[in-house]
There are 2 protein chains.
Amino acid sequence: MVVARRADEIVDIASRLFYERGYQSVSTRALAQAAGIQGGSLYHHFSSKEEILYRIVQYGSAEFFAGLLPHLESTEASYPERLDRFVRAYITDAQPRRYAIAVLFRDMAHLSPDHFVELQAVRRHFQQAVQRFLADGVAAGEFQVPDAKLAGIAILDLLKGVDAWMREPGRLSRRQVADTYAVLVLQLMGALPR
Amino acid sequence: MVVARRADEIVDIASRLFYERGYQSVSTRALAQAAGIQGGSLYHHFSSKEEILYRIVQYGSAEFFAGLLPHLESTEASYPERLDRFVRAYITDAQPRRYAIAVLFRDMAHLSPDHFVELQAVRRHFQQAVQRFLADGVAAGEFQVPDAKLAGIAILDLLKGVDAWMREPGRLSRRQVADTYAVLVLQLMGALPR
DNA sequence: GTCTATAGCTTGATAGAC
DNA sequence: GTCTATCAAGCTATAGAC
């Protein structure tokens, strides 16, 4: 699996470059240079630039989402406790796949039609799982919002934003941001006593 | 001012195209075609493609932010009331400049260094005004959050997201989304009685 | 104010030597 | 598995006729 290993290496390098500059702004030549090879050599490992994008977001998003959903499903804890853990995990865990998920959110439109449909389904599955959890919490009387679906979108939007603005080191550590956001999200869901 | 009028027309068309496909994905030829002229003719009105981007986001963001801040500053109303109006206005008002603000958020990186700095300052000024308002509300005991600055970022992120996912017509009207988001944001700020 | 024509460059991708 | 060389197409921008 020597070929595959080298390809994985290139995918890692690409995920960082795409994350920093955007898919369209990274030429195959620039990517090859970052990997220490010539432009043409890329096509020994991949059949197109789009395939590299696909590999990044497919593998990365699957891992990211799969690592997060269990926090919502541990039936021993209360709904607010589960949501608290989910928010903290979203912000602090999954560091290695953080690039991939940011690239997915921003550069999805550059996937081929087939790949686009596939990954939109993955995203939607994740979003719906979150929305179902919130709706269940409302039904159980532990959350109070006018619309669980919109609350889910709002929460995912605000979590997605964190990596766009956070600089490390900054005023607050990633852990402190996670603590604060957990409180904000629980309040948003009408879960904390006043 | 015949020249200026035609230029404004092209800027309007460009704002829609850039909004839909992204700055980099819209070629000058495609833009010219949408305006009913040939590619080269664009350069009678503008000196570069970047100038068109700049005109869109400069004019658009100034109007958008200027229309929103007064809702936070009407000292007759309580802090929660003012925030409620601000959120509703963000989602329902300023329709004509909605494209511009979305383009600003996404395509800012393609501005020239000077223009980038200028517009980042405009954005920061707006964000800081929101954060100051929230901090004042906390000091007045009408909001309860661990960190007013982070709350401001979270709120602006979740509002920014609305235009990215909302389709009209959809399950809810823009007005209904605004109603729901106003509740969610007030809860996030710890403002609504439980 | 718009046209045609094109310069000058960069892009993604391919071919064949090693 | 990487190299060099190159193709074909696309891009922004310019020049000069009308």
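Naming convention: chains lettered A, B, ... in sequence-line order (proteins, then strands); numbering from 1 in each chain. What you see is a predicted model; the values in this text were computed from it and never measured.
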*Residue pair A:Asp157 / B:Val162: nearest heavy atoms and the distance that separates them*: OD2-N, 4.4 Å
*So, does B:Gln144 use its side chain to make a donor-acceptor pair with the main chain of B:Gly190 at under 3.5 Å?*
no
*CG of A:Leu42 versus P of D:dT2: gap in Å, rounded?*
10 Å
*Taking NZ, NE, NH1 and NH2 as the nitrogens, is one of them in A:Arg98 or A:Asp163 under 4.0 Å from a carboxylate oxygen of the other?*
yes
*Report yes if a side-chain nitrogen or oxygen of A:Gln38 is closer than 4.0 Å to either non-bridging phosphate oxygen (OP1 or OP2) of D:dT4; otherwise report no.*
yes
*Is A:Glu50 reaching over with its side chain to a backbone N or O of A:Leu111, donor-acceptor style, under 3.5 angstrom?*
no
Check: protein-nucleotides 11-13 of chain C nitrogen or oxygen pairs below 3.5 Å:
from   : atom 1 : to      : atom 2 : distance (Å)
C:dG12 : OP1    : A:Lys49 : NZ     : 2.7
C:dG12 : OP2    : A:Thr28 : N      : 2.7
C:dG12 : OP2    : A:Thr28 : OG1    : 3.0
C:dG12 : N7     : A:Arg29 : NH1    : 3.1
C:dG12 : O6     : A:Arg29 : NH2    : 3.1
C:dA13 : OP2    : A:Tyr43 : OH     : 2.7
C:dA13 : OP2    : A:Lys49 : N      : 2.8

_Any side-chain N or O of B:His45 below 4.0 angstrom from OP1/OP2 of C:dT2?_
yes
*Note: B:Arg16-B:Glu20 ion pair, threshold 4.0 Å (strictly below)*: yes
_B:Val26 backbone acceptor or donor facing B:Lys49 side chain under 3.5 Å_ = yes
*Round to a whole Å and report the spacing from CZ of B:Arg21 to P of D:dC11.*
11 Å
*Could you state the atom-to-atom distance from CG of B:Leu31 to C1' of D:dG10 in whole Å?*
16 Å
*Which residues in residues 10-20 of chain A have at least one heavy atom lying under 4.0 Å from any atom of DNA chain D?*
none
_Check whether A:Arg175 reaches the backbone of A:Thr92 with its side chain - one donor and one acceptor, N or O, closer than 3.5 Å._
no
*asked:* Rounded to whole Å, how long is the line connecting atom NE2 of B:His44 with atom C1' of D:dA13?
replied: 16 Å
*Does B:Leu150 offer a backbone N or O that forms a donor-acceptor pair with the side chain of B:Asp147 under 3.5 Å?*
yes
*Any donor and acceptor pair, going by atom type alone, linking the side chain of A:Thr180 with main-chain N or O of A:Gln176 inside 3.5 Å?*
yes
*At under 4.0 Å, does any side-chain N or O of A:Ser41 touch on OP1 or OP2 of D:dC3?*
yes
*Send over the distance from B:Ile37 CD1 to C:dT4 C1', rounded to a whole Å.*
14 Å
*In whole angstrom, what separates B:Asp8's CG from C:dG1's P?*
13 Å
